[in-house]
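Written below as structure tokens is the structure these notes are about.
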Amino acid sequence: MNSILYIGMDVHKDDYTLCCYSFEKDELLYRQKIGPYYKMILKYLEQVRKSRSDEVEFICGYEAGCLGYSLYHQLTDHGIKCVILAPSTMGVTNTNRIKTDKRDAGNIARCLAFGTYNEVFVPTEEDGTVKEYIRMRDDQKKALKIIKQQILSFVLRHGYRFDGGRNYWTKKHVTWLKSLALGGTLQESLDEYLITYDYLADKVERLDKRIEELASHERYQKNVKKLSCLIGVRTFTALSALVELGDFNRFAKADHLAAFLGLVPSEDSSGGKQKRGGITKAGNSHLRRLLIESAQSYARGAIGHKSLDLKRRQSGNDPQVIAYADKANERLRRKFYRMTLKNGANRNVAVTAVARELACFMWGLMTDNVA
């Protein structure tokens with residue numbers, strides 16, 4: 001029977017630090033720093049193999065970070081088993097607050113050996129490319145948000161206030177901004193800001209149209225339509241969930257998905273005392289943010305009311321799916337109003353609680369647990 005060596009890899013853009021852990025000796029072996037090339041990892045593994053008298057099997061692992069999935073694919077393509085570890089789930093074996101690359105590599109190796117980690121899901125090539133496109137669009141959206149804030153601050157610094165209240169970035173507001181006559185260099189500054197705003201606004205609109213096209217592909221269309229039956233979940237959020245999570249069936253229960261997204265309460269209990277804190281924020285932060293944004297929609301509207309837009313999105317789905325989504329929408333609206341109006345909960349706490357249950361209902365739709 002082959003013995004197993006667990007290879008912890010602390011990877012950076014400029015170098016990799018490797019070490020092995022073996023249950024037989026219960027120690028870290030063969031520590032080495034190498035250049036940032038997967039071929040040097042293969043050479044390192046071959047050297048370790050030659051130094052052993054028995055047959056060995058390697059299990060390599062590194063923390064999710066700057067390399068994405070590239071190193072994973074490079075090693076698995078050469079027959080080496082590789083795991084990407086979610087940093088927020090790793091068991092900590094280094095408790096003396098001394099952090100070095102060698103210690104980090106050792107911690108990763110021990111986590112691999114004892115199973116004290118959650119594995120990062122590696123998407124298919126098609127899902128991965130769509131995921132990168134969606135995240136690129138998100139970066140452009142963030143840039144648009146920043147330029148909006150800069151323009152508002154600029155005009156306020158120079159004594160100009162919009163008489164339309166807080167209805168910013170409507171057609172009327174943008175027309176008002178473009179009508180301002182500051183004169184001189186100040187006018188040049190405002191014009192440059194507005195040129196950037198127009199460019200980014202047009203770009204985000206164009207990217208959103210492209211995402212609609214991607215969502216209409218046969219691979220995603222049916223499931224996007226299912227998820228869009230939920231209030232606050234439109235094409236962008238639905239497609240993001242599909243490419244970020246992949247197969248929903250890998251979560252045995254809906255609660256497991258909520259925990260993966262970091263939407264469950266943290267806990268610090270000892271003895272007879274139980275203390276619950278804020279959400280753990282472990283796992284996929286991108287999708288967690290989108291779900292919380294979607295949950296904001298349940299803070300508006302009457303319980304049981306279906307807008308024309310929601311009816312349009314639900315059209316064409318199975319009656320059972322629509323009934324399940326309607327039940328979810330009503331339950332989540334009731335939950336928000338009960339928490340805020342009856343129990344006096346903080347609005348953000350209520351929205352987060354709704355987001356947690358929204359993730360569970362999405363799991364139900366994607367795993368056909370809609371009874």
Side-chain angles (χ1 to χ4, degrees), residues 1-25 27-52 54-94 100-132 135 243-247 249-251 260 282-286:
M1 185 175 180
N2 294 351
S3 59
I4 299 176
L5 286 180
Y6 299 91
I7 314 298
M9 304 186 294
D10 185 52
V11 298
H12 302 279
K13 65 182 181 68
D14 296 323
D15 57 61
Y16 302 161
T17 302
L18 314 179
C19 73
C20 300
Y21 178 83
S22 171
F23 276 118
E24 300 167 0
K25 296 186 178 181
E27 63 177 333
L28 298 170
L29 308 167
Y30 312 117
R31 288 188 176 92
Q32 188 172 339
K33 179 169 284 193
I34 62 175
Y37 309 104
Y38 80 92
K39 290 184 178 180
M40 299 191 72
I41 297 177
L42 298 178
K43 185 177 180 181
Y44 167 86
L45 296 179
E46 189 59 32
Q47 290 174 343
V48 173
R49 194 188 303 275
K50 289 180 179 178
S51 69
R52 305 274 299 189
D54 58 342
E55 290 293 322
V56 294
E57 177 184 348
F58 297 111
I59 299 179
C60 301
Y62 65 97
E63 292 184 58
C66 62
L67 297 185
Y69 309 112
S70 59
L71 183 57
Y72 169 90
H73 289 301
Q74 288 165 347
L75 293 178
T76 53
D77 286 347
H78 285 79
I80 305 298
K81 183 174 181 180
C82 185
V83 175
I84 304 177
L85 292 76
S88 58
T89 65
M90 291 170 57
V92 179
T93 59
N94 174 25
T100 64
D101 291 347
K102 289 183 179 180
R103 287 177 182 269
D104 287 346
N107 187 42
I108 294 169
R110 286 195 172 97
C111 285
L112 285 171
F114 293 100
T116 54
Y117 68 94
N118 286 345
E119 185 174 349
V120 172
F121 174 73
V122 179
T124 64
E125 183 178 357
E126 184 175 358
D127 286 352
T129 56
V130 175
K131 174 182 171 181
E132 291 291 354
R135 292 202 173 190
V243 298
E244 293 279 351
L245 297 175
D247 184 8
N249 286 296
R250 65 193 180 96
F251 302 100
F260 173 80
N284 194 308
S285 60
H286 175 76

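This is a predicted model, so every value here is computed, not measured.
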Checklist entry - Heavy atoms, side chains only, cut-off 4.5 Å: are Glu27 and Ser22 in contact? => result no
Checklist entry - Side chains of Glu244 and Asp127: closer than 4.5 Å at any heavy-atom pair? => result no
Checklist entry - What heavy-atom pair brings Leu28 and Cys19 nearest, and what distance separates the two atoms? => result CD2-SG, 4.1 Å
Next on the checklist: Once rounded to the nearest 0.5 Å, what's the spacing between atom CG of Asp10 and atom OG1 of Thr100?
Outcome noted: 8.5 Å
Extract all donor-acceptor atom pairs below 3.5 Å that involve side chains of residues 60-71 and protein atoms in other chains or at least two apart in sequence.
from: Tyr62; atom 1: OH; to: Gly68; atom 2: O; distance (Å): 3.0
from: Tyr62; atom 1: OH; to: Tyr72; atom 2: N; distance (Å): 3.2
from: Tyr69; atom 1: OH; to: Lys131; atom 2: NZ; distance (Å): 2.6
from: Ser70; atom 1: OG; to: Leu67; atom 2: O; distance (Å): 2.7

Checklist entry - Aromatic rings Phe23 and Phe114: how do their planes relate, parallel, tilted or perpendicular, breaks at 30° and 60°? => result perpendicular
Next on the checklist: Is the shortest side-chain heavy-atom distance between Arg52 and Ser3 below 4.5 Å?
Outcome noted: yes
Checklist entry - To the nearest 0.5 Å, how far apart are CG in Asp104 and CE in Met9? => result 13.5 Å
Next on the checklist: Does anything in residues 117-126 form a salt bridge (Lys or Arg N to Asp or Glu O under 4.0 Å)? List the pairs, not counting sequence neighbours.
Outcome noted: Glu126-Arg219
Return all side-chain donor-acceptor pairs below 3.5 angstrom for residues 39-51, not counting sequence neighbours, or 'none' if the list is empty.
from: Tyr44; atom 1: OH; to: Tyr30; atom 2: O; distance (Å): 2.7
from: Arg49; atom 1: NH1; to: Val56; atom 2: O; distance (Å): 3.4
from: Ser51; atom 1: OG; to: Tyr30; atom 2: OH; distance (Å): 3.3
from: Ser51; atom 1: OG; to: Val48; atom 2: O; distance (Å): 2.7

Checklist entry - Step by step, would you call Asp15 with Asp101 a side-chain contact (heavy atoms from CB on, under 4.5 Å)? => result CA-CA 10 Å; Asp15 57 61; Asp101 291 347; 4.2 Å; yes
Checklist entry - Could you walk me through whether Leu112 and Ile7 pass the side-chain contact (heavy atoms from CB on, under 4.5 Å) check? => result CA-CA 8 Å; Leu112 285 171; Ile7 314 298; 5.8 Å; no
Checklist entry - So, do Ile59 and Ile4 sit near enough that their side-chain heavy atoms are less than 4.5 Å apart? => result yes
Checklist entry - Taking the side chain from Arg250 and the backbone from Leu245, do they hold a donor-acceptor pair closer than 3.5 Å? => result yes
Checklist entry - So, for Phe121 and Gly246, which heavy atoms are closest and what is the spacing to 0.1 Å? => result CE2-CA, 3.6 Å
Checklist entry - Which value, rounded to the nearest 0.5 Å, describes the distance between Glu55 atom CD and Glu57 atom CD? => result 11.0 Å
Next on the checklist: Checking Ile108 against Met90 for the side-chain contact (heavy atoms from CB on, under 4.5 Å) test, could you report, in this order, the C-alpha distance in whole Å, the side-chain angles of both residues, the deciding distance, and whether it holds?
Outcome noted: CA-CA 8 Å; Ile108 294 169; Met90 291 170 57; 3.8 Å; yes
Item to check | For Thr76 against His73, the heavy-atom pair lying closest together | outcome: OG1-O, 3.2 Å
Item to check | Step-by-step side-chain contact (heavy atoms from CB on, under 4.5 Å) determination, Tyr6 to Arg110 | outcome: CA-CA 8 Å; Tyr6 299 91; Arg110 286 195 172 97; over 6 Å; no
